[in-house]
J.: 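Please find one structure pasted underneath; my questions will follow.
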Amino acid sequence: MKTSTVLSHPNIAFIKYWGNRDNALRIPANGSISMNLASLETRTSVEANPEFQSDSLTLNGRKETGTALVRVQAFMDLLREMSGNPYFARVSSENNFPQSTGIASSASGFAALAAAGSKAFGLDLSEKELSMLARRGSGSASRSIPDGFVEWHAGKKDADSYAESIAPAEHWELWDCVAVVTDQPKKTGSTEGHLLAGTSPLQAARVQDAPRRLEICRNAILKKNFEALADIIELDSNLMHGVMMTSTPPLMYWSPKSLKIMQEVAKWRKKGIPAAYTLDAGPNVHVICTKEYADRVRARLEKIPGVARVLISGVGSGVQVLL
Ligand code: PMV
């Protein structure tokens with residue numbers, strides 16, 4: 001019997017992952033860049049035990065039976081195959097933030113599961129191998145393994161599709177102020193959404209232009225150039241949502257409240273406040289800003305009608321094994 005407990009953080013993508021070249025292996029159509037979110041946390045424990053008759057999953061204190069459990073069982077099958085260890089596992093995971101609303105609980109969830117699961121199954125994996133493994137559970141989870149600012153190299157096959165840190169968490173004090181407009185789970189999850197990306201006539205252009213955007217974003221981070229970062233992350237978010245809105249069937253993740261916030265953020269930037277928006281697969285708006293402006297941006301967001309609350313976070317570390 002072996003138990004391991006791990007702490008991980010979700011990440012917010014600056015250059016987005018949307019659509020796969022290989023759905024089964026989750027090899028993405030394009031590379032992506034993100035930053036980990038320090039104050040949002042997932043804690044996951046995995047116990048592998050010869051006495052268990054099946055895998056079980058408890059999420060935020062609730063026993064899961066549906067698709068969440070099936071997804072975790074498939075991931076455990078991978079660990080059993082890799083380790084040669086046939087045991088079933090008891091998985092227990094807690095988040096300190098709402099799930100399924102465009103704050104990537106699947107990213108921190110599968111990053112933590114990869115790290116805790118591999119340890120509980122007796123595997124000693126490198127950071128690169130952990131990132132590849134986490135990717136199999138949820139693509140963006142590959143980016144929650146390394147520290148700070150992270151790039152996921154798209155690759156063409158399993159072995160070359162992994163994420164690595166491009167700068168440590170302390171490199172640049174950026175903050176993410178998440179304007180939460182709903183705690184309702186989204187109707188179409190990203191696993192389903194990725195399958196539709198190719199039906200949009202805009203996806204090919206988005207993917208073809210991705211290396212250019214990745215380079216601009218990487219350089220903006222390395223040089224701490226906020227203006228360049230702001231322009232490229234807003235463009236990239238709009239491009240991804242353009243693909244989502246023009247796929248068949250169309251996916252509309254924005255709500256009128258999201259659009260209102262995006263318009264406000266654009267106005268603030270014109271007035272000299274370093275703030276830029278980006279949205280994942282949900283209506284909540286992530287507003288990236290520099291540390292000095294985080295309190296002001298949060299206060300401004302809280303005044304916008306329809307914003308239920310604002311979560312704020314600095315840049316987080318990679319996955320940490322606690323036990
Ligand atoms: O890792 P997934 O399958 O949940 O996909 C994440 C997709 C986005 O959050 C919309 C973009 C991204 O790169 O994180």
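By convention here, the first residue in the shown sequence is residue 1. Counting convention: from 1, in listed order, for ligands and their atoms alike. As a basis for the values below, the full set of heavy atoms in this structure was taken, side chains included, without hydrogen atoms, waters or symmetry mates.
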J.: Would you confirm whether the ring centroid of Phe110 sits within less than 6.0 angstrom of the ring centroid of Phe75?
T.: yes
J.: Judged by atom type as modelled, is there a donor-acceptor pair below 3.5 Å linking the side chain of Asp160 to the main-chain atoms of Lys157?
T.: yes
J.: If I compare all heavy atoms of Gln320 with all of His9, which pair ends up nearest, and what's the gap?
T.: OE1-NE2, 4.3 Å
J.: Going by the atom numbers of ligand 1, which of them fall below 4.0 Å from some non-hydrogen atom of Arg143?
T.: 12 (C), 13 (O), 14 (O)
J.: Would you check the N or O atoms of Ser190, main chain and side chain alike, for any that come under 3.5 Å of an N or O of ligand 1?
T.: yes
J.: Could you tell me whether Arg26 and ligand 1 have an N or O pair separated by under 3.5 Å?
T.: no
J.: Enumerate the atoms of ligand 1 whose separation from the nearest heavy atom of Ala281 is less than 4.0 angstrom.
T.: 10 (C)
J.: Roughly how far, to the nearest 0.5 Å, is OG of Ser200 from CE of Met245?
T.: 11.0 Å
J.: Would you mind running through ligand 1 and noting each atom that sits below 4.0 Å from a heavy atom of Ala13?
T.: 12 (C), 13 (O), 14 (O)
J.: Measure from the ring center of Tyr17 to the ring center of Trp152 and say whether it is less than 6.0 Å.
T.: yes
J.: What atoms in ligand 1 come closer than 4.0 Å to a heavy atom of Met240?
T.: 10 (C)
J.: Going through the distances and angles, do Ser56 and Arg90 end up as a side chain to side chain donor-acceptor pair (under 3.5 Å)?
T.: CA-CA 5 Å; Ser56 67; Arg90 180 184 288 164; 4.5 Å; no
J.: Based purely on interatomic distance, does Ser138 place a nitrogen or oxygen under 3.5 Å from a nitrogen or oxygen of ligand 1?
T.: yes
J.: Looking only at atom types and distance, does a side-chain atom of Arg213 sit under 3.5 Å from a main-chain N or O of Arg206, one as donor and one as acceptor?
T.: yes
J.: Just which atoms of ligand 1 are under 4.0 Å from any heavy atom in Lys16?
T.: 13 (O)
J.: Look at ligand 1 and say whether Ser106 reaches it with a heavy atom at a distance under 4.0 Å.
T.: yes
J.: Consider every N or O of His194 and every N or O of ligand 1, then say whether any pair is closer than 3.5 Å.
T.: yes
J.: Quick one: which ligand 1 atoms are inside 4.0 Å of a heavy atom on Gly139?
T.: 1 (O)
J.: Would you sort out whether Ser317 and Asp147 count as a side chain to side chain donor-acceptor pair (under 3.5 Å), showing the intermediate values?
T.: CA-CA 4 Å; Ser317 67; Asp147 179 35; 5.2 Å; no
J.: Kindly identify the option in Asp280, Asn30, Ile33 whose heavy atom sits closest to atom 9 (O) of ligand 1.
T.: Asp280
J.: Between Ser32 and ligand 1, does any nitrogen or oxygen pair lie at a separation below 3.5 Å?
T.: no
J.: Looking only at N/O atoms, are Ser140 and ligand 1 under 3.5 Å apart anywhere?
T.: yes
J.: What verdict does the side chain to side chain donor-acceptor pair (under 3.5 Å) test give for Asp176 and His286, after you've listed the backbone C-alpha separation in whole Å, the side-chain angles of each residue and the deciding distance to 0.1 Å?
T.: CA-CA 6 Å; Asp176 183 4; His286 294 251; 2.7 Å; yes
